[in-house]
Number of protein chains: 2
Amino acid sequence: MVKKDPSTEEKILTAAREVFHKRGFGGARMQDIADTAGINKALLHYYFRNKENLFNAVFTEALAAMVGTVSNIFMGQGSLEEKLVRFYDYHITFLQQNSYLPWFIINGLYEKPDQIRELMTRNNFHPDKVLARIVDNLKEEGIEMEVPLQMFANILSLSIFPVVARPMLSHFFSLTDEDMDRFYEERKKNLPRFIINGMKFQNPK
Amino acid sequence: MVKKDPSTEEKILTAAREVFHKRGFGGARMQDIADTAGINKALLHYYFRNKENLFNAVFTEALAAMVGTVSNIFMGQGSLEEKLVRFYDYHITFLQQNSYLPWFIINGLYEKPDQIRELMTRNNFHPDKVLARIVDNLKEEGIEMEVPLQMFANILSLSIFPVVARPMLSHFFSLTDEDMDRFYEERKKNLPRFIINGMKFQNPK
DNA sequence: GTCTATATGGCGATAGAC
DNA sequence: GTCTATCGCCATATAGAC
């Protein structure tokens with residue numbers, strides 16, 4: 001199977017993903033995106049009228065992918081630990097390539113909550129249902145939760161924060177890129193047990 | 001005791017803090033800072049030659065506050081669990097009052113990585129020593145850590161992320177302000193045990 | 001020290017030829 | 001669809017009166 005030459009639109013989107021990811025919305029330069037895509041600035045505006053549209057395209061695509069996958073993992077079958085393994089494996093990798101996303105979700109909820117909420121429901125993401133599913137999961141495994149929300153916050157914190165805070169950690173501890181990559185691989189392996197065990201202890205019955 | 005009229009420099013710094021914390025370096029506008037301080041743009045440049053200098057002043061201060069709150073507690077005496085209790089009690093409260101700070105620091109490191117490394121050494125920040133202290137602590141308690149960095153990342157993630165992501169959590173689960181406040185109080189109580197237990201299991205010797 | 005007015009440069013966006 | 005050239009704005013920064 002021959003790989004078709006990527007269309008200009010695809011080239012733009014790929015470039016935009018890369019530049020927005022590195023610099024954020026404000027820091028990204030249309031000129032940079034054009035250069036990375038190997039075209040000129042004017043063409044960007046021909047395809048996506050302005051910077052905001054281009055960002056929204058990239059943002060929506062990423063959000064949809066993430067939300068869909070996460071939902072599938074937790075709503076499906078299997079023990080909680082199995083699900084956590086699959087979740088961290090997917091989510092940490094995904095975040096490494098989209099580390100600006102959490103910030104834009106959080107910030108977007110301040111500025112345009114409806115748009116984001118709409119996007120989430122359109123992609124069939126219902127955090128309350130995911131949480132309910134996790135609680136059911138635990139019940140089947142003989143663990144009763146007092147405050148499920150805490151568990152949900154813990155699960156997300158442990159994957160999102162260390163990836164978003166990558167520059168902070170690597171600066172603080174003078175870590176190379178390879179160090180950081182190993183660090184994230186370690187996390188994927190350790191976090192599921194860490195969570196399950198921490199929780200078991202808190203509900204010792 | 002009479003409160004002296006704040007000097008112009010203090011007014012500028014207060015305003016700069018507010019604007020930079022919310023918008024980061026790239027997003028902040030000198031005009032905004034001037035307006036907030038109740039002066040005009042030219043005066044900003046009179047006091048701090050340029051935007052970069054002003055930013056550095058604010059950033060150094062923020063970094064010091066953040067690192068200070070963390071290291072003071074962990075560098076002192078006591079068992080790890082005691083320290084964790086004190087840490088979360090203090091840190092989560094601190095973050096609730098300074099919820100922009102973590103984003104500001106992380107974002108600052110994205111925007112100007114080189115400059116910040118220089119700032120850190122100049123101001124004698126050594127997070128690696130804090131971590132070494134935690135590891136010593138654990139050794140005294142008979143717990144050997146394979147990858148201390150993981151633990152450090154976990155400790156910080158669990159306090160910082162849920163505060164920064166407050167709008168996300170409250171949107172997802174339709175929580176009131178009172179709900180959220182209770183949520184954070186719960187965390188202060190639960191997190192120390194959660195961490196200690198999760199960790200013990202991972203190092204079962 | 002504090003102001004008004006202005007210079008300077010960069011970036012998003014558009015016009016228009018091909 | 002793709003390019004070159006250029007506009008117009010806005011943000012930082014400076015000049016210079018008071």
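All values below come from the heavy atoms of this structure, side chains included, with hydrogens, waters and symmetry mates left out. Below, chains carry the letters A, B, ... as their sequence lines are ordered, and counting in each starts from 1. As the structure is a computational prediction, the values presented were derived from the model and not from experiment.
Here CG of L149(B) is found 9.5 Å from CG of N154(B). Values are rounded to the nearest 0.5 Å.
Taking all atoms of both residues into account, the shortest heavy-atom contact from H91(B) to T69(B) is CD2-OG1, 3.6 Å. For the residue pair G76(B) and R133(B), the shortest heavy atom distance occurs at O-NH2, 3.3 Å.
Between the side chains of T93(B) and K188(B), a donor-acceptor pair is found at a separation under 3.5 Å.
Axis angle across the helix from dG1(C)-dC18(D) to dC18(C)-dG1(D), with five pairs used at each end and values rounded to 10°: 10°.
D128(A) pairs by the salt bridge (charged side-chain N to carboxylate O under 4.0 Å, His left out) definition with nothing, not counting sequence neighbours. Under the rule for a salt bridge (charged side-chain N to carboxylate O under 4.0 Å, His left out), the partners of E61(A) that lie at least two apart in sequence or sit in another chain are R17(A). Not counting sequence neighbours, the partners of N107(A) by the side-chain contact (heavy atoms from CB on, under 4.5 Å) test are W103(A), Y110(A), E111(A). Under the rule for a salt bridge (charged side-chain N to carboxylate O under 4.0 Å, His left out), the partners of R182(B) that lie at least two apart in sequence or sit in another chain are D179(B). Contacts of D114(A) classified as salt bridge (charged side-chain N to carboxylate O under 4.0 Å, His left out), with partners at least two apart in sequence or in another chain: none.
Under a 4.0 Å N-O distance rule, the pair E185(A)/K189(A) does not qualify as a salt bridge.
For the segment residues 20-39 of chain A, the set of residues with a heavy atom within less than 4.0 Å of an atom of DNA chain C comprises A28(A), R29(A), M30(A), in numerical order. Taking a 4.0 Å limit (strictly below) on heavy-atom distances, residues 44-57 of chain A reaches DNA chain D at Y46(A), Y47(A).
Here dC11(C) presents its C1' atom at 15 Å from CG of N40(A), a figure rounded to the nearest Å.
Map K41(B) and T8(B) each onto its nearest nucleotide of DNA chain C; the residue landing nearer the 5' end is T8(B).
Evaluation of the salt bridge (charged side-chain N to carboxylate O under 4.0 Å, His left out) test over residues 63-88 of chain B, restricted to residues two or more places apart or in two chains, returns E81(B)-R193(B). The salt bridge (charged side-chain N to carboxylate O under 4.0 Å, His left out) contacts involving residues 164-174 of chain A comprise R166(A)-D177(A), R166(A)-D181(A), where partners must be two or more places apart or lie in separate chains. Here salt bridge (charged side-chain N to carboxylate O under 4.0 Å, His left out) pairs that include residues 63-80 of chain B, with residues two or more places apart or in two chains, number zero.
Bracketed by its first and final contacts, the part of DNA chain D lying under 4.0 Å from non-hydrogen atoms of chain A reaches from dG1(D) to dT4(D) in 5' to 3' order.
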